[in-house]
Amino acid sequence: MPKYSFEGESIDYACDCAVIHVISDSLGETASSVVTAAAAQFPLGDVHIKRLPKLTHVRQVIDYFDSLSDDAKNHPTAVFHTIVDPSLRREVRRELDRLEIPSVDLLGPGIAILSSLTGKEPAGVPGINHEADDRYFRRIESMEFFVEHDDGRNPQELDLADIVLIGVSRTSKTPLSMYLAFMGYKVANVPLALGVEPPIELENVDPSRIFGLMSTTDTLVSIRTRRLSKDGASDYAASYADPAEVVAEQAEARKLMRHLGCMIINTSGKAVEETANDIINQIEELKRIRAEYAAREAAGK
């Protein structure tokens, strides 16, 4: 991946690279993400990014470019900007035109189209998506929950999880947990192994929030064999990839899953995203059914 330089980081202007200046009346995260995605298509070190956030007046843009060294000014340069205020956006665009710096307006055209479609005027508040949208904070909280409850950690808090994944080794519990956490779900996962009693707290979790992960014997043996080879531990833990051991493990795991009354999902041959969608769809469908039932109950009263 290319190396990007942001506000506060130094750029080696002796290098043969393009410098993209991100200008925003908020933090510049949206523009930086777009530039980063575009820059990833080019060789390492070809693109560097600098940010000018919290813009309130065009004078800041003038001072910013005046402060650049001659070496910096001689580099191929462009500006990507996200400026909510239309008058400030126009002033910045005029100044960039005066400086003969090519610019890309990432926000203005989108706002104009949405205003036309909805027939409403935009709020014009910088960074409003971060202030009004709690998904970001929920995602951070979910990622922290995942770290604290991965691989059977803190089983006493299983009842706090939105989703609990159980399964034998190499059924994608951790990567699936991480993906679901990124989607905003608090996820805990519990490994199942022969001769090891699962945490008693599983009995107190709503079965609709528990998902048992299964796979085929061939798939698990193949994954475990590669893992042992990579770790150099094939002689030490040969039973880990033994087909008979895998069959026994999964039989015991399936027995527990049936006892808990949870949904069982086969992860063999599926991408993490596909399995996650199966789980999310199941959760959303159950919410819909429960909401309809509650509405009927309320109407009956």
| query | Is the backbone N or O of K186 less than 3.5 Å from a side-chain atom of D162, with the two atoms forming a donor-acceptor pair by type? | reply | yes
| said: Quick check: F80 with H21 (ring centres under 6.0 Å apart)? | reply: no
| message | Counting only heavy atoms from other residues, nucleotides and ligands, does the tally under 6.0 Å from CD of E121 exceed 12? | response | no
| query | Do R51 and S32 meet the criterion of a side-chain donor-acceptor pair at a distance under 3.5 Å? | reply | yes
| task | Go through the side-chain N and O atoms of Q60 and T56 and say whether any donor and acceptor fall under 3.5 Å apart. | result | yes
| said: Could you check whether any side-chain N or O of S177 sits under 3.5 Å from a backbone N or O of K173, counting only pairs where one atom can act as donor and the other as acceptor? | reply: yes
| field | Salt bridge flag under 4.0 Å for residues R138 and E141 | value | no
| Are any side-chain N or O atoms of H57 and backbone N or O atoms of R59, one a donor and one an acceptor, separated by less than 3.5 Å? | yes
| Listed partners of H149 passing ring-ring contact (aromatic ring centres under 6.0 Å, His included), at least two apart | F145
| Can you list the residues that meet the salt bridge (charged side-chain N to carboxylate O under 4.0 Å, His left out) rule with R224, with sequence neighbours excluded? | E249
| message | Would a single hydrophobic cluster contain both Y64 and L55, if residues Ile, Leu, Val, Met, Phe, Trp and Tyr are joined by side-chain heavy-atom contacts under 4.5 Å? | response | yes
| query | Under 3.5 Å, is there a donor-acceptor pair linking the side chains of Y185 and R139? | reply | no
| Salt bridge or not for E284 and R288, using N-O below 4.0 Å? | no
| note | The complete set of ring-ring contact (aromatic ring centres under 6.0 Å, His included) pairs with one or both residues in residues 241-262, sequence neighbours excluded, reads none
| request: State which residues pass salt bridge (charged side-chain N to carboxylate O under 4.0 Å, His left out) with E245; sequence neighbours excluded, sorted by chain then number. | output: none
| Just checking, any donor-acceptor pair under 3.5 angstrom between side chains of T275 and T267? | no
| said: For a quick check under 3.5 Å, do T219 and S268 share a side-chain donor-acceptor pair by atom type? | reply: yes
| remark: Rounded to the nearest 0.5 angstrom, the CE-CD distance for M263 and Q282 is 4.5 Å
| query | For residues S208 and D206, is any side-chain donor paired with an opposing acceptor at under 3.5 Å? | reply | yes
| task | Say whether, by atom type as modelled, one donor and one acceptor occur between the side chain of D46 and the main chain of F42 under 3.5 angstrom. | result | no
| Is it true that R89 and D85 make a salt bridge, defined as a side-chain N closer than 4.0 Å to a carboxylate O? | no
| field | ILVMFWY cluster, M214 and F211 together (side-chain gap under 4.5 Å) | value | no
| field | With sequence neighbours excluded, residues passing side chain to side chain contact (heavy atoms under 4.5 Å, CB included) with V272 | value | P175, L176, Y179
| request: Compute whether any side-chain donor of one residue and acceptor of the other, for D150 and N189, lie under 3.5 angstrom apart. | output: yes
| query | How many angstroms lie between atom CG of L256 and atom CG of L192, to the nearest 0.5 angstrom? | reply | 6.0 Å
| query | So with a 6.0 Å cut-off around CD of E197, is the heavy-atom count from everything else above 12? | reply | no
| field | Gap separating the CD1 atom of I265 from the CG atom of L213, nearest 0.5 angstrom | value | 6.5 Å
| Check: T225 side chain, I223 main-chain N or O, donor-acceptor pair, under 3.5 Å | no
List the atom pairs, with distances to 0.1 Å, where a side-chain N or O of residues 104-116 and a protein N or O form a donor-acceptor pair under 3.5 Å, not counting sequence neighbours.
{"unit_1": "D105", "atom_1": "OD1", "unit_2": "L107", "atom_2": "N", "d": "3.1"}
{"unit_1": "D105", "atom_1": "OD1", "unit_2": "G108", "atom_2": "N", "d": "2.8"}
{"unit_1": "S115", "atom_1": "OG", "unit_2": "K120", "atom_2": "O", "d": "2.7"}

